[in-house]
Amino acid sequence: MDPTDPETWQQYNDRPAWVRRHREALMDATGLEIPQDLAAVDDWLDRYKAHMTRKLRNDHDEDESTDNGGEA
């Protein structure tokens, strides 16, 4: 399971423990700083969940558009 996949993110983004467990991969993929403390992750999700969703979708869409050998 890839935590940076938009579908996976949508399925689990309401679970602070899951987000904390995949914190490093999510931060690497988005450049956003995710706290380590579980309560802080819950607060962070209230504030940044929508932004994270958009970022992962946009990045995923860009990756798919370049999967054809660089031709658009």
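Keep in mind that the numbers below use all heavy atoms, side chains included, and drop hydrogens, waters and symmetry copies. All figures in this text were calculated on a predicted structure; none of them were measured in a lab.
Salt bridge annotation for Asp59-Lys55: present, with a cationic side-chain nitrogen under 4.0 angstrom from a carboxylate oxygen.
No side-chain heavy atom of Arg15 sits less than 4.5 Å from a side-chain heavy atom of Arg21.
Between the CG atom in Leu45 and the CH2 atom in Trp18 there is a gap of 10.0 Å [rounded to 0.5 Å]. Within the model, atoms NZ of Lys49 and CE of Met52 stand 11.5 Å from one another, a figure rounded to the nearest 0.5 Å. For the atom pair OH of Tyr48 and OG1 of Thr53, the computed distance is 14.5 Å after rounding to the nearest 0.5 Å. The line from CD of Glu33 to CG of Leu26 is 12.0 Å long, rounded to the nearest 0.5 Å. Note: Asp46 CG to Asp14 CG = 11.0 Å, rounded to the nearest 0.5 Å.
Connection of Met27 to Val19 is established within a shared hydrophobic cluster, with ILVMFWY side chains joined at heavy-atom distances below 4.5 Å, either directly or through further cluster members.
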(request) Kindly determine whether Met1 and Tyr12 satisfy side-chain contact (heavy atoms from CB on, under 4.5 Å), including the steps that lead there. (result) CA-CA 11 Å; Met1 160 180 27; Tyr12 294 102; 3.6 Å; yes
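For the side-chain contact (heavy atoms from CB on, under 4.5 Å) with Thr30, the qualifying choice from Asp28, Leu32, Ile34 is Leu32, the only one to do so.
When every heavy atom of Arg23 is checked against every heavy atom of Pro35, the shortest pair comes out as NE-O, 3.4 Å. Nearest heavy atoms, Ala29 versus Thr4: CB-CG2, 3.4 Å. Between Pro3 and Ala25, the shortest heavy-atom distance links the atoms CG-CB, 3.9 Å.
Judged by distance alone, with hydrogens and angles left aside, the side-chain atoms of Trp44 form no donor-acceptor pair with the main-chain N or O of Gln36 at under 3.5 Å.
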